[in-house]
2 protein chains.
Amino acid sequence: MDVRQLEYFMHVANTLNITHAAMRAHVSQPALSRQIRLLEQELGTKLFKRKARGVVLTETGQRLVDRTRVLLSNVGRIKSEIMSSADEPVGTVRLAASNSLSGLLTSRVVARFRRTYPQVSVHVTENTSMIVRESIANDGADVALLSDRESFTTLTKMPLVTESLLLIAPLEVGLDLSRPVSAKSLTGHNLILTPFPNGLRRAVDEILVRAGRVAEPKLEVDTNSLMTSLTKYGTGYCVLPYSGVHELLVRKEVSAAPIRNVRWGWVTAVSRERAMSTATKKLIEMIAEEAKVLTSNGTWKTATLDLAQDSGKHIGLD
Amino acid sequence: MDVRQLEYFMHVANTLNITHAAMRAHVSQPALSRQIRLLEQELGTKLFKRKARGVVLTETGQRLVDRTRVLLSNVGRIKSEIMSSADEPVGTVRLAASNSLSGLLTSRVVARFRRTYPQVSVHVTENTSMIVRESIANDGADVALLSDRESFTTLTKMPLVTESLLLIAPLEVGLDLSRPVSAKSLTGHNLILTPFPNGLRRAVDEILVRAGRVAEPKLEVDTNSLMTSLTKYGTGYCVLPYSGVHELLVRKEVSAAPIRNVRWGWVTAVSRERAMSTATKKLIEMIAEEAKVLTSNGTWKTATLDLAQDSGKHIGLD
DNA sequence: GCTCGTTACGATACTCGTAACAATA
DNA sequence: TATTGTTACGAGTATCGTAACGAGC
């Protein structure tokens, strides 16, 4: 009855289907089947009843599920607690990052982290801030990079950077980063917006409300790349933070102007319930350092650093 | 970080000496050394400082000890809980039995259990009732067979058999099981007694006190076999329950007579804190059944059954 | 016939033990 | 020099994956 075997067992208990559980556990189906049988033999009792379609838990199996869930969470807690006092980063660190930061911040941070700590494996998932928040809240990630407009119960957030929201238009419209536009400018164009629920959409709606209007987009799209492509080809205007269109602006594929009196904040977030591993701490440090570099050398236009001074080195649980 | 590895770690943490820990863990010293190193690598931190003589825990190592002790006890508890609802006995059952029962009850029970459940490994330790009690109280055994004169905090005791205490004398003295003797008969002979603290010794002392005497044995011996050998060769008389001298009486190597108004009880005991495995339950059933056979067919002379009827089948946690 | 679990078997990977080595008092 | 931990390497064992099989809707 070792930890791996219990993890296998929980996969089966969760899916009630050995084939699916095997995929989740990244082992072959017969291997998993065998481990379940060995566990049953060791404990001297059937844990599952084999049915034509999948399996069902026996009463004893259900009791083992209840006990094992707690046990495995303890194992994970102990592991991360001990790893949090590690001297050198080891193991795996999982970063969930907002799509918008991909080209500007995420890629630079991940590349440098991999270079600096090649022994640490890194899992990156990119998605909307809402999904990123869910990911970190459900312990699907160790660090999150997301908008400060998301809610942060159970999360510890660390302000990172505040930048402008830009109105993005085709290149020929000739918007200019140095010439901010008013909230009113958002009206009168076809706006391509993200669908609810979404922090960016809420922000745009607020801007419009302040201008006395209401958003009624004819086109809703939930990926940045599609939104900007459509803008580039003249389907409409869109609204994104600078970081989301940095590369397009460098390549002069669209034009953009800051929306006056509207700021957009990014935060780094970690789960409040879990001790950070050394790898996690190092990653957070590196995020802060890269943000500092990008803002101070002018790459991250419109952005101001929100960090505590000296690049967040005393962010931590100590 | 699997269970086996953590058990290794605890052995080292307990002994602070990898060589000794390896012996306790029944692996070679380099194997243990290697597992500790692997654990340290996985956690990214030193758990021990290597000294010229042995090792010492680092601060992190000490914290892991604290966490792991609880974790491993949970693992054991879960395992025995699940195994307690097993259909067929599996695994290992540990019996701690009083020396006195060896020839009459223990040997028969163990032999039959092995025959009936060959897949279950059995560990038997025989000792004085006091050591047996300590053994079961410290979770060194699953079932104990011992005198009812021991204390039973944290233990659940199940009365088994009550028999007579016998005065044992050399064969030529001609004591007779059918002719009880009074407590007073114990005086005036060289008594060979067990040393304090010991249930049998306490019993003999009480008998003597009732007869207005006090025990001042010139010879104290702590094994039944030596006691009876010495009696056989005329060094003195001794006092034992019938079960302790059954075989000697059958072989007519000593003579014995019940001491009037004195009874000696045997109980089966299990830890109150730990769920019984199916193997444990079956063993207890079998003990009860054998006790019933031995008393009812007259083999266990002077004995009366203390069991609830039908051989203890409803002894259990249900 | 399709889905899903089990059995069979060769390949792989991990752990172990022996022996040689290193470090320290 | 005795004690104790580490390194090296060959052997043994357990797990895994692929392929074939079986059972139930």
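Sequence lines set the chain letters: A, B, ... in the order given, protein chains first and strands last, and positions in each chain run from 1.
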Item checked: Residue B:Gln62 excluded, over 12 heavy atoms near CD under 6.0 Å -> yes

Notebook entry, point to check: Taking CG from A:Asp2 and P from C:dC14, how many angstroms apart are they, rounded to a whole number?
Noted result: 14 Å

Checklist line | All side chain to side chain contact (heavy atoms under 4.5 Å, CB included) counterparts of B:Ser33, not counting sequence neighbours | finding: B:Ile18, B:Gln29

Margin query: According to side chain to side chain donor-acceptor pair (under 3.5 Å), who are the partners of B:Ser121, at least two apart in sequence or on a separate chain?
Written below: B:Thr92

Item checked: Nearest-angstrom distance from the residue atom CE of A:Met23 to P of C:dT3 -> 12 Å

Check: Where the side chain of B:Thr106 meets the backbone of B:Leu101, is there a donor-acceptor pair that is under 3.5 Å apart?
Finding: yes

Item checked: Relative orientation of the end axes in the helix from C:dG1-D:dC25 to C:dA25-D:dT1, expressed as an angle to the nearest 10° (five pairs per end) -> 30°

Output a table of nitrogen or oxygen pairs between the protein and nucleotides 20-25 of chain D separated by less than 3.5 Å.
none

Check: For B:Val90, what residues pass the side chain to side chain contact (heavy atoms under 4.5 Å, CB included) criterion, not counting sequence neighbours?
Finding: B:Met83

Next item on the list: Name all residues meeting the side chain to side chain contact (heavy atoms under 4.5 Å, CB included) criterion together with B:Glu220; count only those two or more places apart in sequence or in a different chain, and write none if there are none.
Entry: B:Pro195, B:Arg201, B:Pro217

Item checked: salt bridge (Lys or Arg N to Asp or Glu O under 4.0 Å) pairs, two or more places apart, involving residues 77-89 of chain B -> A:Glu42-B:Lys79, A:Arg63-B:Glu81, A:Arg67-B:Glu81

Item checked: Greater than 12 external heavy atoms within 6.0 Å of B:Gln119's CD -> yes

Check: Could you go step by step and tell me if A:Met1 and B:Val3 meet the side chain to side chain contact (heavy atoms under 4.5 Å, CB included) rule?
Finding: CA-CA 8 Å; A:Met1 198 174 98; B:Val3 171; over 6 Å; no

Notebook entry, point to check: Can you name the side chain to side chain contact (heavy atoms under 4.5 Å, CB included) partners of B:Thr58, sequence neighbours left out?
Noted result: B:Lys46, B:Lys49, B:Thr60

Check: Quick one, which residues of residues 31-39 of chain A touch DNA chain C with a heavy atom under 4.0 Å?
Finding: A:Ser33, A:Arg37

Margin query: Suppose the criterion is salt bridge (Lys or Arg N to Asp or Glu O under 4.0 Å): which pairs have a residue in residues 116-144 of chain A, not counting sequence neighbours?
Written below: A:Arg94-A:Asp139, A:Arg94-A:Asp142, A:Arg133-A:Glu150, A:Asp139-A:Arg274

Next item on the list: Evaluate the side-chain proximity of A:Val120 to A:Val93: yes if any heavy-atom separation is below 4.5 Å, no if none is.
Entry: yes

Item checked: Any residue meeting ring-ring contact (aromatic ring centres under 6.0 Å, His included) with B:Phe9, in chain and number order, not counting sequence neighbours -> B:Phe48

Next item on the list: Enumerate the residues from residues 4-21 of chain B whose closest heavy atom to DNA chain D is under 4.0 Å, giving them by residue number; use none for an empty result.
Entry: B:Asn17, B:Ile18, B:Thr19

